[in-house]
**Q** 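What follows is a structure written as structure tokens; I'll ask about it next.
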Amino acid sequence: MNSTVYTHRIRVRYSETDQMGVVYHANYLNWFEVGRTEFIRETGVTYRSLEEKGILLPVTDVSLSYKQPARYDDWVEIRTDLEELSMVRLTFSYEIYRVADEQLLVTGKTKHAFTTMEMKPIRLARVEPEVYALLEERCAGGK
């Protein structure tokens with residue numbers, strides 16, 4: 001990941017762990033959502049403002065690779081990058097680290113489409129060129 005990476009820290013809550021005392025695997029998807037929501041907010045746009053304009057970003061694909069477990073009360077850092085951007089879709093990449101020892105815990109990606117509230121694909125650069133330009137400035141991989 002490069003300089004466009006946005007970082008956000010959270011503490012692992014007890015409710016996020018399983019009987020083995022490690023973070024339940026599905027919670028990493030929630031943390032990906034936290035990362036991308038805060039990444040977008042950092043650009044000056046919010047999910048709420050997009051939805052108010054009738055734009056959704058449904059997930060079309062997700063991948064995760066588990067390296068090490070996070071445990072209750074660990075501080076973890078979610079590192080989010082906008083890896084790819086086109087007029088109709090975007091891809092975020094994620095790395096989650098344990099803060100105490102900088103151990104890489106999880107890597108992953110989510111792919112999204114720009115759609116209307118009726119889930120019809122749209123070209124963001126045509127519908128909201130200002131929003132597209134803000135995302136394009138933060139995109140690591142270009143178009």
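We count residues from 1, following the sequence as given. Below, all heavy atoms of this structure are taken into account, side chains as well, without hydrogens, waters or symmetry copies.
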**Q** For H8 and G35, indicate whether the former's side chain and the latter's backbone hold a donor-acceptor pair under 3.5 Å.
**A** no
**Q** Check this for me: R13, atom CZ, are more than 12 non-hydrogen atoms of other residues, nucleotides or ligands nearer than 6.0 Å?
**A** no
**Q** Looking at side-chain heavy atoms only, is the closest gap between P121 and V88 below 4.5 Å?
**A** no
**Q** By salt bridge (charged side-chain N to carboxylate O under 4.0 Å, His left out), which residues pair with R123, not counting sequence neighbours?
**A** none
**Q** If you measure from CD on E136 to CG on L90, what distance do you get to the nearest 0.5 Å?
**A**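 Between atom CD of E136 and atom CG of L90 there are 12.5 Å.
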**Q** Look up atom CD in E128 and atom CG in L135, then write down how far apart they are to the nearest 0.5 Å.
**A** 11.0 Å
**Q** Measure the spacing between OG1 of T46 and CD of E38 and express it to the nearest 0.5 Å.
**A** 10.5 Å
**Q** What do you reckon, is CZ of R89 surrounded by more than 12 foreign heavy atoms closer than 6.0 Å?
**A**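 12 or below, so no.
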**Q** Decide yes or no on side-chain contact (heavy atoms from CB on, under 4.5 Å) for K67 and V106, but give the supporting numbers first.
**A** CA-CA 6 Å; K67 311 295 183 190; V106 171; 5.9 Å; no
**Q** So, for R36 and T110, which heavy atoms are closest and what is the spacing to 0.1 Å?
**A**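 Closest approach of R36 to T110: NH1-OG1, 3.6 Å.
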**Q** Give, for atom CZ of R98 and atom CG of L104, the distance between the pair rounded to the nearest 0.5 Å.
**A** 10.0 Å
**Q** Same cluster or not: L29 versus Y97, using hydrophobic residues (I, L, V, M, F, W, Y) connected whenever any side-chain heavy atoms lie under 4.5 Å apart?
**A** no
**Q** Heavy atoms, side chains only, cut-off 4.5 Å: are V131 and T43 in contact?
**A** no
**Q** Any heavy-atom pair between the side chains of T80 and V5 that's under 4.5 Å?
**A** no
**Q** Assess whether side-chain contact (heavy atoms from CB on, under 4.5 Å) is satisfied between Y66 and H25, documenting all intermediate values.
**A** CA-CA 8 Å; Y66 304 100; H25 66 277; 3.3 Å; yes
**Q** Run the salt-bridge test on E102 and R79 with the 4.0 Å N-O cut-off and return the result as yes or no.
**A**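 Salt bridge flag = yes for R79 with E102.
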**Q** Just by modelled atom types, is the V34 backbone N or O under 3.5 Å from a matching donor or acceptor in the T37 side chain?
**A** no
**Q** Is the side chain of T91 donor-acceptor paired with the backbone N or O of K111 at a distance under 3.5 Å, no angle test?
**A** no
**Q** Hey, what's the ring geometry for Y28 with W31, parallel, tilted or perpendicular (30° and 60° as the breaks)?
**A** perpendicular
**Q** Go through the steps for V22 and D18 under the test side-chain contact (heavy atoms from CB on, under 4.5 Å), then give the verdict.
**A** CA-CA 6 Å; V22 300; D18 61 19; 3.5 Å; yes
**Q** Taking the inter-plane angle between the rings of F32 and Y94 on a 0 to 90° scale, is it parallel (under 30°), tilted (30 to 60°) or perpendicular (over 60°)?
**A**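 Ring orientation of F32 relative to Y94: parallel.
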**Q** Check the pair R71, D74 against salt bridge (Lys or Arg N to Asp or Glu O under 4.0 Å), reporting the backbone distance first and the verdict last.
**A** CA-CA 6 Å; R71 298 182 186 282; D74 282 348; over 6 Å; no
**Q** Is it possible for you to say whether V62 and V23 belong to one hydrophobic cluster, with membership spreading through side-chain heavy-atom contacts below 4.5 Å?
**A**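 As far as the 4.5 Å side-chain criterion goes, V23 and V62 are connected within one cluster.
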**Q** Once side chain to side chain contact (heavy atoms under 4.5 Å, CB included) is applied, do any residues pair with M117, and if so which ones, sequence neighbours excluded?
**A** L56
**Q** Could you tell me whether the side chain of I10 reaches within less than 4.5 Å of the side chain of I78, counting heavy atoms only?
**A** yes
**Q** Taking the side chain as every heavy atom from C-beta outward, state whether P58 and H112 have any pair of such atoms under 4.5 Å apart.
**A** no
**Q** Give, for atom OH of Y132 and atom OG of S86, the distance between the pair rounded to the nearest 0.5 Å.
**A** 6.5 Å
**Q** Are T17 and V12 close enough, and set up right, to give a side-chain contact (heavy atoms from CB on, under 4.5 Å), and what steps lead you there?
**A** CA-CA 8 Å; T17 62; V12 176; 4.0 Å; yes
**Q** Got a second to check how far T7's OG1 is from E42's CD, nearest 0.5 Å?
**A** 9.0 Å
**Q** Taking only residues two or more places apart in sequence, or in another chain, which ones meet Q68 in a side chain to side chain contact (heavy atoms under 4.5 Å, CB included)?
**A** Q103, L105
**Q** Decide yes or no on ring-ring contact (aromatic ring centres under 6.0 Å, His included) for F92 and F39, but give the supporting numbers first.
**A** CA-CA 10 Å; F92 288 97; F39 180 101; 5.6 Å; yes
**Q** Any side-chain heavy-atom pair from L124 and I55 closer than 4.5 angstrom?
**A**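 They are in side-chain contact.
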**Q** How far apart are the C-alpha atoms of D81 and S93, what are their side-chain angles, what is the distance that settles it, and do they pass the side chain to side chain donor-acceptor pair (under 3.5 Å) test?
**A** CA-CA 5 Å; D81 201 1; S93 59; 4.7 Å; no
**Q** I'd like to know if E51 and R48 make a salt bridge, using a cut-off of under 4.0 Å between side-chain N and carboxylate O.
**A** no
